[in-house]
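First the proteins, then the strands, lettered A, B, ... as listed; each starts at 1. Source: prediction; values computed, not measured.
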2 protein chains.
Amino acid sequence: MIGERRKFNRLGEDGRRAALIAAAIALISEGGPATATVRAIAERAGVTPGLIRHYFTTKEALMRAAYAQVMDAMTQASVDVLASTPNRPQARLAVFVAASLRPPVVDSRAMGLWAGFLHQMREDSEMRAVHEASYLHYRDLLQGLIAALPRVADAGQLRADAIACNAVIDGLWLEGSALPDAFRPGELVRIGLRSVSAILGLDLMAEMPERGI
Amino acid sequence: MIGERRKFNRLGEDGRRAALIAAAIALISEGGPATATVRAIAERAGVTPGLIRHYFTTKEALMRAAYAQVMDAMTQASVDVLASTPNRPQARLAVFVAASLRPPVVDSRAMGLWAGFLHQMREDSEMRAVHEASYLHYRDLLQGLIAALPRVADAGQLRADAIACNAVIDGLWLEGSALPDAFRPGELVRIGLRSVSAILGLDLMAEMPERGI
DNA sequence: AAATTAATTATACGCTTGCATAATTACGCG
DNA sequence: CGCGTAATTATGCAAGCGTATAATTAATTT
């Protein structure tokens, strides 16, 4: 009676796929991409390694799914704050920018996760497509907020403004996540709002809620 | 006489270390970090694998050295253009920004290299120190160029301006390298100059050489 | 209650990895 | 010219990797 076969219960397509993706994200987030092996992911998900290949044709496919989910979650965190914001265009833009520049969006683990995926992009064209989609998704959201502002700007100007604002947010997010101790509390949000204001020619600081930062 | 031992010549500390670092960079640049194995690096350098451990205590130490060299080279490419630039502060800043936003600084291989290293930062504190040093080095150069501008700004303002300009350059560099086809030729440079101009309250476009972009 | 099917486990293979150790060889110095 | 030493090669190992395939089991259907 030494060879007892392991008990298990079935989750079915949706549940199991989600569990495997969650396990992969957790591992990459904790120990980097190198630690997210097929075996480790399976163990974290309470499953045997072979099962991964039953849901994903290859490990890279699982990685792509995980990356898409991470990026969606970050964007969503910035979108969520819009729900409880008054309908003034400047206020909405200001809150959106600010939310992108503080936790949980700014986070060293999220950045490590992001970087871990990023380096796969050069070899894996499907991964590049996932990246492009999530980048454009965020930028389009930003562009929509900018377009709602009361000002005159043609389509080309709008596109350039969205690219510029997206870049400054990306850059601040990146360094803030990589070097948390290099910036004072609230400094990133303040600089981000000032920069976006300067690029668009308005004053977002005036629109921020009273609690400072 | 089947076992002919391989001929070799000695390079000594300096030359061999440099050759190994160059080989590592070339490999990561071509095929991503995963392809830069100890064996592949040795082969590229025309050497047997064991030798790597003679010059670097561990593979990670070699990776750190390679990262430092890559970042230095990128910064240096932006600095070099300053040599042949007239001494007007605005012109110097404009050329520096523009150089950071086009090849060879903007380059998908360089970005892949950078991302490949970045994900090591979270676990490897020595790698984080290398990153911080090179980030601050670039930002200090930028801050020096900004400080030379004819305008009034206190120390805090100068620091915030340098962080903001650095962020927008970083963001544009990143997306331009990751998604080369998402931007028109010269678009990144144009947007970068406009953004830095807006943040600092001046007009760098007027300072650029005649050949457009 | 038996049969069917899809989900899951089990096992194993071939390959690659980083690293250690011992044998060799080129080169500088006396 | 011979000797010593440091640079370099050669060999091998233990571990981990992704993947393939076949056996088993839980749930669903009949």
Side-chain angles (χ1 to χ4, degrees), chain A residues 1-24 27-28 31-66 116-117 119-120 123-124 126-127, chain B residues 1-24 27-28 31-66 116-117 119-120 123-124 126-127:
Chain A
M1 281 302 188
I2 52 170
E4 291 271 309
R5 195 182 177 91
R6 173 175 178 163
K7 304 295 183 197
F8 64 93
N9 58 351
R10 308 189 155 193
L11 272 186
E13 189 78 19
D14 299 342
R16 196 61 87 192
R17 278 183 68 96
L20 291 173
I21 291 174
L27 282 171
I28 299 181
T35 67
T37 68
V38 169
R39 287 170 174 80
I41 295 169
E43 185 184 17
R44 171 65 69 106
V47 148
T48 51
L51 193 57
I52 289 181
R53 292 264 313 164
H54 191 258
Y55 286 101
F56 300 92
T57 61
T58 177
K59 190 198 173 189
E60 288 190 347
L62 167 55
M63 290 300 165
R64 278 192 292 271
F117 286 120
H119 91 270
Q120 287 194 3
E123 316 168 56
D124 185 345
E126 298 199 53
M127 181 63 103
Chain B
M1 280 303 187
I2 51 170
E4 292 269 308
R5 194 181 178 93
R6 173 176 179 160
K7 304 295 183 196
F8 64 92
N9 56 352
R10 310 189 154 192
L11 273 184
E13 189 78 18
D14 300 342
R16 196 59 89 188
R17 279 182 68 97
L20 290 172
I21 291 174
L27 281 171
I28 299 181
T35 67
T37 68
V38 169
R39 286 172 175 79
I41 294 170
E43 185 185 16
R44 172 64 69 107
V47 150
T48 51
L51 192 57
I52 289 180
R53 289 265 313 164
H54 192 258
Y55 285 102
F56 299 92
T57 61
T58 176
K59 190 198 171 187
E60 288 190 348
L62 167 55
M63 289 300 162
R64 277 193 293 271
F117 287 120
H119 92 268
Q120 287 194 4
E123 317 166 56
D124 185 344
E126 299 198 52
M127 182 61 104

Quick one: [X] [atom1] to [N] [atom2], roughly how many Å, whole number?
X: B/Asn9; N: D/dA6; atom1: CG; atom2: C1'; answer: 15 Å
X: A/Leu27; N: D/dG18; atom1: CG; atom2: P; answer: 12 Å
X: B/Met63; N: C/dT17; atom1: CE; atom2: P; answer: 11 Å
X: A/Arg16; N: D/dA27; atom1: CZ; atom2: C1'; answer: 13 Å
X: B/Arg5; N: C/dT25; atom1: CZ; atom2: P; answer: 6 Å
X: A/Ile41; N: D/dG18; atom1: CD1; atom2: P; answer: 8 Å
X: B/Leu11; N: C/dG28; atom1: CG; atom2: C1'; answer: 16 Å

(request) Could you say whether B/Ala40 or B/Lys7 is positioned toward the 5' end of DNA chain C, judged by the nucleotide with the nearest heavy atom to each? (result) B/Ala40

(request) Go through C/dC19, D/dG16, C/dA7 for me and flag the one nearest to the B/Thr58 side chain. (result) C/dC19

For a quick check of understanding: with a heavy-atom distance under 4.0 Å over all strands, which category does [X] fall into, base, sugar-phosphate or nothing?
X: B/Ile52; answer: nothing
X: A/Val38; answer: base
X: B/Phe56; answer: nothing

What's the separation between atom [atom1] in [X] and atom [atom2] in [Y], rounded to the nearest 0.5 Å?
X: A/Leu11; Y: A/Arg17; atom1: CG; atom2: CZ; answer: 13.5 Å
X: A/Thr35; Y: A/Arg44; atom1: OG1; atom2: CZ; answer: 9.0 Å
X: A/Ile41; Y: A/Leu51; atom1: CD1; atom2: CG; answer: 12.0 Å
X: B/His54; Y: B/Arg16; atom1: NE2; atom2: CZ; answer: 11.5 Å
X: B/Met63; Y: B/Met127; atom1: CE; atom2: CE; answer: 8.0 Å
X: B/Arg64; Y: B/Ile21; atom1: CZ; atom2: CD1; answer: 12.0 Å

(message) Quick check on contacts: within residues 43-51 of chain A, what sits under 4.0 Å from DNA chain C by heavy-atom distance?
(response) A/Val47, A/Thr48, A/Gly50, A/Leu51

(message) Ignoring hydrogens, what is the shortest heavy-atom contact between B/Ala42 and B/Thr48? Give both atom names and the distance.
(response)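 B/Ala42 and B/Thr48 have their closest heavy atoms at CB-C, 3.6 Å.
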
(message) Can you tell me if A/Tyr55 touches the phosphate of C/dA7, counting only side-chain N or O atoms and a distance under 4.0 Å to OP1 or OP2?
(response)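 Answer no for this pair, as no side-chain N or O of A/Tyr55 is under 4.0 Å from OP1 or OP2.
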
(request) Using only side-chain N and O atoms of B/His54, determine if any of them is under 4.0 Å from OP1 or OP2 of D/dT8. (result) no

Pair of N/O donor and acceptor under 3.5 Å linking [N] base with [X] side chain:
X: B/Arg39; N: C/dG18; answer: yes
X: B/Arg10; N: C/dT25; answer: yes
X: A/Arg6; N: C/dA10; answer: no

